[in-house]
Amino acid sequence: MPENVTPQQLAETHEQALREFNSINDLESLKTFASETVGKKSNLGNWFAQLKTLDVETKKELGPKLQAFKNYWEQACMTAQQEIETAILNEKLKSDFIDVSQSYPARKGAMHPLSQVQRHIEKIFTGMGFEIADGPEVETEWHNFDALNVPENHPARDMQDTFFVNSTKDESLKNSVLRTQTSNIQIRKMLEKGAPVRIIAPGRVYRNEDVDATHDAMFYQVEGLVVDENISVSHLKGTLETMLSAVFAKTMKVRIRPGYFPFVEPGLEVDIWWEYTDKNGNEKGRWLEFCGAGMVHPNVLRNSNVDPEKYSGFAFGFGLTRLVMMKYGIEDIRLLASNKREFLQQF
Ligand code: FA5
């Protein structure tokens with residue numbers, strides 16, 4: 001350390017510092033440089049101390065220069081520190097970058113099997129010239145029973161355990177039920193459009209059932225109704241065979257036998273021939289109950305303002321939920337409303 005600092009020495013120190021400074025690119029070196037250039041133990045500290053011992057003129061000349069040197073390097077070190085820290089941070093951000101879409105593969109949603117089959121069925125029927133109809137699930141007893149030839153106290157009302165809606169607040173809900181069948185749409189559509197009519201009506205129905213593997217308290221039905229001149233049972237059979245063959249993607253056999261529903265005459269039960277492989281690997285087949293159907297009862301046509309002398313029609317109502325179970329081999333109906341991902345992912 002020189003005895004007395006001179007402006008020339010200061011200029012040389014500055015030049016020297018500049019050269020060193022330009023090669024610094026890490027925090028450790030910068031810290032050492034700052035300490036040696038403007039720190040307490042640097043030459044600068046001693047030079048400031050020497051100022052007191054100098055004459056006034058030299059003091060005047062050297063004082064501001066020392067101060068400028070100090071300011072310059074303090075500022076330069078601070079700026080360099082910020083630059084290095086920013087570079088380190090950017091580097092870190094680059095290497096720590098998490099591609100969220102890669103770490104958590106997006107789980108694609110899928111359509112519920114019930115909706116898939118419903119849409120397929122809607123396509124099949126619209127292809128045959130049917131319209132898709134809809135109606136209320138909270139229904140008047142008249143639409144759900146009376147108009148369908150099931151008067152009050154008729155034993156057939158007991159065939160479908162009913163949820164009654166008793167609202168003391170809403171007059172319009174008096175004598176209402178949660179519809180037990182989609183057959184209410186037969187009445188609504190004929191009253192609205194008259195004849196001829198060709199519709200299917202898929203939707204939810206409700207029954208006060210003891211829930212088990214094959215019965216739920218809410219399930220889906222699809223109603224079918226064709227009313228026109230000269231409609232016969234063979235139209236019904238052909239329609240259901242066409243629909244079932246498209247759903248199962250192979251020719252399906254249908255059998256018709258007598259059944260009882262108050263709103264059809266004759267009433268029919270439709271069975272389908274079900275082929276399966278048994279536990280021993282043998283190909284087997286048996287008749288399975290598929291749905292209720294029949295020729296629309298003249299009383300139902302009359303209740304819907306359609307002339308039974310001129311028009312006849314067929315109607316059917318099948319359990320869409322049961323059809324989905326058959327198609328996919330689902331053994332417990334409760335799985336369909338379980339919202340279980342392991343189950344739903346299979347479709
Ligand atoms: C009816 O509901 C009649 N409306 C069908 C009908 C329409 C007949 C038009 C004549 C003319 P049924 O109560 O049998 O019929 O029910 C029809 C179908 O719904 C059944 O074949 C069955 O597949 C399904 N089903 C009935 N109860 C349940 C239940 N608790 N859970 C799931 N599916 C059911």
Side-chain angles (χ1 to χ4, degrees), residues 114 117-118 121 133 135 137 139 143-150 154-163 177-190 197 199-227 231 233 235-237 239-240 243-244 247 254-272 274 287-301 304 312-327 330-337:
L114 269 164
V117 178
Q118 181 179 328
I121 285 170
E137 290 173 20
E139 184 56 290
H143 286 91
N144 195 82
F145 292 123
D146 302 68
L148 286 161
N149 212 24
V150 189
H154 190 289
R157 284 218 187 188
D158 295 339
M159 282 161 66
Q160 300 173 353
D161 274 327
T162 309
F163 290 115
V177 294
L178 293 186
R179 70 172 177 187
T180 57
Q181 51 190 349
T182 42
S183 304
N184 64 328
I185 308 300
Q186 292 187 30
I187 307 298
R188 289 191 168 270
K189 208 65 200 179
M190 283 193 281
V197 67
I199 54 141
I200 59 156
R204 289 189 197 97
V205 301
Y206 304 83
R207 293 186 195 176
N208 188 12
E209 297 266 16
D210 286 332
V211 173
D212 61 23
T214 51
H215 296 83
D216 212 342
M218 185 283 284
F219 56 97
Y220 286 75
Q221 284 190 343
V222 176
E223 194 77 6
L225 173 72
V226 173
V227 175
I231 295 295
V233 173
H235 293 121
L236 165 71
K237 190 165 181 271
T239 304
L240 287 175
M243 187 268 297
L244 287 163
V247 167
V254 162
R255 173 175 86 172
I256 280 177
R257 60 190 165 86
Y260 174 69
F261 298 94
F263 33 95
V264 277
E265 180 57 39
L268 305 168
E269 290 282 352
V270 180
D271 300 334
I272 56 177
W274 189 248
W287 288 107
L288 271 190
E289 252 185 51
F290 175 61
C291 75
M295 300 305 291
V296 183
H297 196 290
N299 287 350
V300 174
L301 294 175
S304 311
S312 60
F314 69 74
F316 60 81
F318 66 84
L320 175 63
T321 312
R322 294 257 177 93
L323 181 63
V324 170
M325 291 171 76
M326 285 163 76
K327 182 172 161 75
I330 298 164
E331 279 171 3
D332 194 325
I333 198 169
R334 290 165 288 200
L335 283 168
L336 285 161

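Computed over heavy atoms, backbone and side chain alike; hydrogens, waters and symmetry mates excluded. First listed ligand is number 1; within each ligand, the first listed atom is number 1.
Close contacts of ligand 1 with Gly319, meaning ligand atoms under 4.0 Å from a residue heavy atom, involve 18 (C), 19 (O), 23 (O), 24 (C). In the vicinity of Ala293, heavy-atom distances shorter than 4.0 Å reach the ligand 1 atoms 8 (C), 10 (C), 11 (C). Remark: ligand 1 atoms within the under-4.0 Å shell around heavy atoms of Phe316 are 7 (C), 9 (C). Listed by number with element, the atoms of ligand 1 under 4.0 Å from a non-hydrogen atom of Thr214 are 31 (N), 32 (C). With ligand atoms numbered from 1 in the order given, ligand 1 contributes 9 (C) to contacts under 4.0 Å with heavy atoms of Gln186. Set against the non-hydrogen atoms of Glu209, the atoms of ligand 1 under 4.0 Å away are 27 (N), 30 (N). Atom numbering of ligand 1 starts at 1 in the shown order; those under 4.0 Å from a heavy atom of Ile333 are 31 (N), 32 (C).
Under a 4.0 angstrom heavy-atom cut-off, Thr321 registers as lying outside contact with ligand 1. Residue contacts with ligand 1 leave out Val296, since none of its heavy atoms falls under 4.0 Å from the ligand. Residue-ligand proximity: Glu223 is placed with a non-hydrogen atom under 4.0 Å from ligand 1.
Summarising the geometry of Ser304 relative to Ile187, their closest heavy-atom pair is OG-CD1, 3.6 Å, with the distance given to 0.1 Å. Smallest separation of non-hydrogen atoms from Gly317 and Cys291: O-CB, 3.3 Å. Of all heavy-atom pairs between Arg179 and Asn184, the closest is NH1-OD1, 3.5 Å. Considering every non-hydrogen atom in both Val227 and Met190, the closest pair reads CG2-SD, 4.0 Å. Contact between Val254 and Trp287 at its shortest, heavy atoms only, is C-CZ3, 4.0 Å.
Contact annotation: for Phe290 versus ligand 1, heavy atoms closer than 4.0 Å belong to the backbone alone. With a 4.0 Å heavy-atom cut-off, ligand 1 is reached by the backbone of His215 and by its side chain too. Residue Thr182 does not touch ligand 1, judged by heavy-atom distances below 4.0 Å. Contacts of Glu289 with ligand 1, taken as heavy-atom pairs under 4.0 Å, are absent altogether.
With respect to atom 3 (C) of ligand 1, the closest heavy atom belonging to the protein is Gln181 OE1, 3.6 Å. The single protein non-hydrogen atom nearest to atom 31 (N) of ligand 1 is Asp216 N, 3.1 Å, given as residue, atom name and distance. The nearest heavy-atom contact from the protein to atom 7 (C) of ligand 1 is Gly317 N, 3.2 Å. Nearest protein heavy-atom contact of atom 22 (C) of ligand 1 is Arg322 NH1, 3.3 Å. Scanning all protein heavy atoms for the shortest distance to atom 13 (O) of ligand 1 gives Arg207 NH1, 2.8 Å.
Comparing Tyr220, Phe219, Phe261 against atom 25 (N) of ligand 1, the shortest heavy-atom distance belongs to Phe219.
Interatomic distance, Met218 CE to Leu336 CG, rounded to the nearest 0.5 Å: 9.5 Å. Rounded to the nearest 0.5 angstrom, Asp271 CG and Leu288 CG are separated by 8.0 Å.
Within a 6.0 Å sphere centred on CG of Asp210, heavy atoms belonging to other residues, nucleotides or ligands number 12 at most.
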Legend entry - Steps toward side chain to side chain donor-acceptor pair (under 3.5 Å) verdict (Glu139, Asn144): CA-CA 6 Å; Glu139 184 56 290; Asn144 195 82; over 6 Å; no

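Residue Gln221 has at least one N or O atom closer than 3.5 Å to an N or O atom of ligand 1. Any N or O atom pair closer than 3.5 Å counts here, and Ser183 shares at least one such pair with ligand 1.
Using the six-membered ring where Trp is involved, Phe261 and Phe263 have ring planes that are tilted, between 30° and 60° apart.
Residue Thr182 is tested with Gln221, Glu137, Arg204 for a side chain to side chain donor-acceptor pair (under 3.5 Å); the sole match is Gln221.
Between Leu244 and Phe290, the closest side-chain pair of non-hydrogen atoms falls below 4.5 Å.
Using modelled atom types, one finds a donor on one side chain and an acceptor on the other under 3.5 Å when comparing Glu223 with Gln186.
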